[in-house]
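Each ligand, and each atom within it, is numbered from 1 in the order the structure gives. Excluded from the calculations below are hydrogen atoms, water molecules and symmetry mates; all remaining heavy atoms, backbone and side chain alike, are included.
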Amino acid sequence: MSDTTRSAHHVWLPYTQMKTALPPLEVTATHGSRIVLSDGRELIDGISSWWTACHGYNHPALLTALQKQAERMPHVMLGGLIHEPAKELAARLAAITPGDLGRTFFSESGSVSVEVAMKVAAQAHWNRGDTKRTRFVSFLGGYHGDTLATMAVADPEEGMHKLYRGLLRDEHVVPLPKNDSDLIRFAEFLQEHDDVAAVLIEPLVQGAGGMRFFSKKILQGLRAACDDAGVFLIADEIFVGLGRLGAMTACEKAGVVPDVMTLSKALTGGVCPLAATVVREPLFEAFYSDHAEHALMHGPTYSGHALGCAVANASLALFESEPRLEQVRAMEAQLAEELEPLRGLRGIIDVRVHGAIGVVQLESIDDMAALKTAFIKRGVWVRPFRDIVYLTPAYTTPSEELSALTEAICEVVDDYRKR
Ligand SMILES: *Cc1c(COP(=O)(O)O)cnc(C)c1O
């Protein structure tokens, strides 16, 4: 290969000002909770590759499932065909999701699974004869993906939303209720707007919008408000689902059954792109009719990708054969203890932990590059954004490596705030 074909000159990186950003680090391998760089250095990963690699990198059970499936059948179209890995995965998802959530539509990215959820919710109303319900309610601080429909339900102050405003539909993005009186106002708002098809929420933790936590009482109140108004509730569990909060789903932890749930990031343990939109039985029944036009018209080319489904089945099996949720609970305690020294220091607004998420919120971060570089120097992969430095490690991260991550955060953040 020539030097030109080896260089990064043809790659356009995500969320990156290609002219001014720090050059990307070249990765040649991964193992456990580590990223191996081309110059031989190893970084302990505090982010698990955008929250996907929940069992650590290169888990043998996942690699074996991938290899076995690859030898037999990497993929066939799901139009008119079905296969065992997809059937097994849909059954597994029905078992781990709360209530009568039980019918799964497969896609290949989180954003698309949210778009499918939005189409399902709206069309279910239409199929039942209520054609005015064409809009969505979502919350400030929320994030549901980067496609046009999902950007429109994100926080409008988000850079991306602002930037693409002219392209986006006008949705109801409202403050997340904080208490009972807010919940009453929210219920009234839903009653007054008969154009709403569904409410979209990231249950218990708003992730990419700033790692903000809220109580299960609020989620329960939103569920009740949706029920009263005849509006569907879509729980976007792409970040919080599959163990991140110490339960298989955040909704289960909160005792709430949404009408639709989306899952993706940790679904294949970070091995294959795959996403699921899981729907409750009564909603599915709105599509199950003698009318062709009542069918859901969506069909990703790679829907039910066999490699992805096989790996996801192996990944979900690991939650049964290895003590994954106990590991998350132990991680929660360790994160809380080891990040605590930062609490109350000048320049630090908040330290908060929920499950395998540890967050240090600063007054502001104005030299992001300095902070990122300091972490790499310390041998850890930590990616601050907005005003927060956070950890979302693999659930299997050994306790001494977790300590290396929290120590790095304590020292780097302490240096940074004293500048
Ligand atoms: C990451 C994320 C998405 C988007 O998933 P992609 O696979 O990046 O399209 C949607 N919702 C939430 C809550 C996410 O964290």
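- Looking at residues two or more places apart in sequence or on another chain, you find a side-chain hydrogen bond (donor to acceptor under 3.5 Å, both in side chains) between R41 and D39.
- For the residue pair T150/T147, the side-chain donor-acceptor check at 3.5 Å is satisfied.
- By the 6.0 Å and 45° rule, R324 does not stack over the aromatic ring of Y395.
- In summary, of the residues considered (P300, S264, C272), a side-chain contact (heavy atoms from CB on, under 4.5 Å) with E108 occurs for P300 alone.
- Side-chain contact annotation: R72 with Q69, donor-acceptor N/O pair under 3.5 Å absent.
- Protein residues with a heavy atom under 4.0 Å from ligand 1 are W51, S109, G110, S111, Y143, H144, G145, E202, D236, I238, F239, K265.
- I388 contributes atom CD1, which lies 8.0 Å from atom CD1 of I365 (distance to the nearest 0.5 angstrom).
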